[in-house]
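Below, chain A is the first sequence line, B the second, and so on; all start at residue 1. These numbers were taken from a predicted model, which means no experiment stands behind them.
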Protein chains: 2
Amino acid sequence: MATGRTHRPATRSRGIPEATVARLPLYLRALTALSERSVPTVSSEELAAAAGVNSAKLRKDFSYLGSYGTRGVGYDVEYLVYQISRELGLTQDWPVVIVGIGNLGAALANYGGFASRGFRVAALIDADPNMAGTPVAGMPVQHTDDLEKIIEDNGVSIGVISTPAGAAQQVCDRLVAAGITSILNFAPTVLSVPDGVDVRKVDLSIELQILAFHEQRKAGEEAGAEVVVADAVAETAGVDVPVDEGAAEATAAEATAAEAAPAARTESTDRKGPDGDVPAVMPA
Amino acid sequence: MATGRTHRPATRSRGIPEATVARLPLYLRALTALSERSVPTVSSEELAAAAGVNSAKLRKDFSYLGSYGTRGVGYDVEYLVYQISRELGLTQDWPVVIVGIGNLGAALANYGGFASRGFRVAALIDADPNMAGTPVAGMPVQHTDDLEKIIEDNGVSIGVISTPAGAAQQVCDRLVAAGITSILNFAPTVLSVPDGVDVRKVDLSIELQILAFHEQRKAGEEAGAEVVVADAVAETAGVDVPVDEGAAEATAAEATAAEAAPAARTESTDRKGPDGDVPAVMPA
DNA sequence: GACTGTGAACGCGTTCACAGCT
DNA sequence: AGCTGTGAACGCGTTCACAGTC
């Protein structure tokens with residue numbers, strides 16, 4: 001409390017739930033669109049629809065920021081845009097470095113969304129000496145050797161990692177050592193960082209795999225079938241790692257429990273790890 | 001339970017919590033790495049460390065799949081790889097279409113992670129007639145006109161949208177009409193889809209904004225006092241400008257829906273401070 | 001002795017429903 | 001009359017801690 005006025009209104013920072021923080025950017029985007037159409041006010045109902053959430057949740061979220069609405073009327077668009085921007089720290093410009101300028105890194109460098117909303121790509125860094133100097137998105141790629149200097153010179157605190165998985169942890173360590181405290185990781189690896197450093201990850205194959213899970217379930221339900229099938233067969237066969245690439249259909253149908261099958265889980269002999277063939281999933 | 005052997009421990013499918021499903025790919029990746037190193041078994045502790053979660057959570061997660069471990073020993077790596085793959089539906093190959101071959105779309109097409117773990121890029125689609133035929137990642141780009149036919153011919157049920165925000169909903173509608181039931185959306189927009197269709201979104205700027213929020217908070221704490229700083233400045237500056245317009249170069253295709261709004265300074269009457277304190281942080 | 005599987009306690013986030021302003 | 005702000009109920013997910021098994 002150095003300052004006399006400690007009031008610090010809005011930012012009951014400490015109290016904003018993580019889930020709410022994650023939705024603020026969504027609200028901000030919807031509000032920005034309204035702002036461009038010069039819409040003066042919105043109700044929680046309308047805004048919620050635009051952001052793809054329900055209105056109760058939105059009101060609750062906003063209540064953590066403060067009382068920014070007017071009962072009987074709604075929220076003032078411009079005012080709310082400002083408040084959320086401030087809460088998110090977008091009233092200042094964040095310099096960002098992108099490490100790993102391959103296909104993805106280059107795409108990120110070119111991504112307009114970066115440049116707009118409060119972020120500025122301060123530097124592109126890659127380990128390939130041949131890339132040094134090559135312009136990507138109108139900016140010369142710099143070599144990893146200068147990573148520390150670049151970060152310091154530009155006062156960068158947010159780093160994006162788009163290197164191959166194998167190099168990610170190493171790059172991460174250097175970024176952290178150089179003072180980076182927030183990392184957006186696109187490499188398919190778990191990064192370990194010291195306390196105080198935030199890491200968010202974006203993983204394409206994970207997202208796809210989650211979709212596949214649900215997709216498979218849909219297929220199974222549709223088929224109406226019970227479950228069992230493939231397993232029963234597998235079991236009597238003595239080995240249960242069939243994956244039978246020939247009959248993919250059958251495989252798709254199983255593994256989906258309609259609502260039936262109560263917890264009839266018993267301890268019958270649960271055969272385990274055969275080693276026969278367990279392909280199916282390609283190695284990385 | 002028509003079948004004699006009903007035990008089917010695993011697949012109480014209906015019961016697998018969403019949060020658990022989202023972690024299965026993580027476990028799978030860690031397990032695959034172990035498998036490649038020919039490690040035969042792992043304890044929940046070791047595997048949890050490799051996947052970046054705590055062991056209690058991991059054991060709980062696995063318990064939803066069935067009793068696949070051995071007390072006193074741990075889990076059989078190969079067996080678990082198979083079980084999780086099956087649960088995720090990766091024992092079959094999912095054809096995927098990517099719509100919107102700009103920088104990001106091309107990067108995705110080239111992304112190895114797609115091709116490996118159970119997914120196969122069946123087609124690349126773009127609305128630009130000039131791109132038709134152009135090879136990207138060794139595959140000719142096809143025109144949007146043929147979208148429906150492509151999906152049907154290839155039996156595709158998963159679509160990836162990497163178009164600019166403005167085109168996303170339209171593309172989404174066509175994909176859904178064509179039979180797609182799972183969508184991975186990279187466009188910065190909220191997509192609305194009918195029931196039964198799953199959408200997962202990946203949004204770069206949202207991730208960055210979340211990081212910025214925490215980053216800002218760190219800076220504030222570090223400064224000893226609360227956050228104040230930026231506000232004081234904004235206040236004395238008499239500007240309420242949110243997200244000042246950055247160099248929006250919106251390169252090529254992907255671009256965020258909106259650009260920063262030019263501070264339409266609405267003459268705010270008297271805004272109530274958040275927690276009833278302080279006279280707001282608005283332009284006076 | 002080692003490690004899994006899981007009921008029970010707990011905490012966070014969402015939803016409900018209504019009191020409180022305008 | 002309309003819409004926000006929020007206490008209270010609820011449900012999901014995480015963590016604890018220990019009984020059960022090898």
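For the pair A:Thr20 (side chain) and A:Ile16 (backbone), a donor-acceptor distance under 3.5 Å is absent.
B:Trp94 and B:Gly89 get closest at one heavy-atom pair: NE1-O, 2.7 Å. Residue A:Ala168 comes nearest to A:Thr189 through the heavy atom pair CB-OG1, 4.3 Å, listed as atom of the first residue, atom of the second, then distance. The two atoms that bring A:Val21 and A:Pro25 nearest to each other are O-CD, 3.1 Å, heavy atoms only.
Contact annotation: B:Lys60 side-chain N/O to D:dT14 OP1/OP2 distance is not under 4.0 Å. Taking 4.0 angstrom as the limit, A:Thr70 places none of its side-chain polar atoms (N or O) nearer than this to OP1 or OP2 of C:dT22. Listed pair B:Lys57 / D:dG13 fails the phosphate criterion, with no side-chain N or O lying under 4.0 Å from OP1 or OP2. In terms of phosphate contacts, A:Tyr75 brings a side-chain nitrogen or oxygen within less than 4.0 Å of OP1 or OP2 of D:dG5. For C:dT15, the OP1/OP2 oxygens have a side-chain nitrogen or oxygen of A:Asn54 closer than 4.0 Å.
Nearer the 5' end of DNA chain C, as judged by each residue's closest nucleotide, is the contact made by B:Ser43, out of A:Arg23 and B:Ser43. Along DNA chain C, the nucleotide nearest to A:Ala19 and the one nearest to A:Gly72 differ in position, and the one closer to the 5' end is contacted by A:Ala19.
One atom, CZ of B:Arg59, and another, C1' of C:dA2, lie 12 Å apart when rounded to the nearest Å. Taking atom CG of residue B:Leu58 and atom C1' of nucleotide D:dT15, one finds them 14 Å apart after rounding to whole Å. Distance A:Asp61 CG to C:dG13 C1': 10 Å, rounded to the nearest Å. Rounded to whole Å, atom C1' of C:dT4 lies 15 Å from atom OH of B:Tyr64.
A donor N or O paired with an acceptor N or O is found under 3.5 Å between the base of D:dT4 and the side-chain atoms of A:Arg71.
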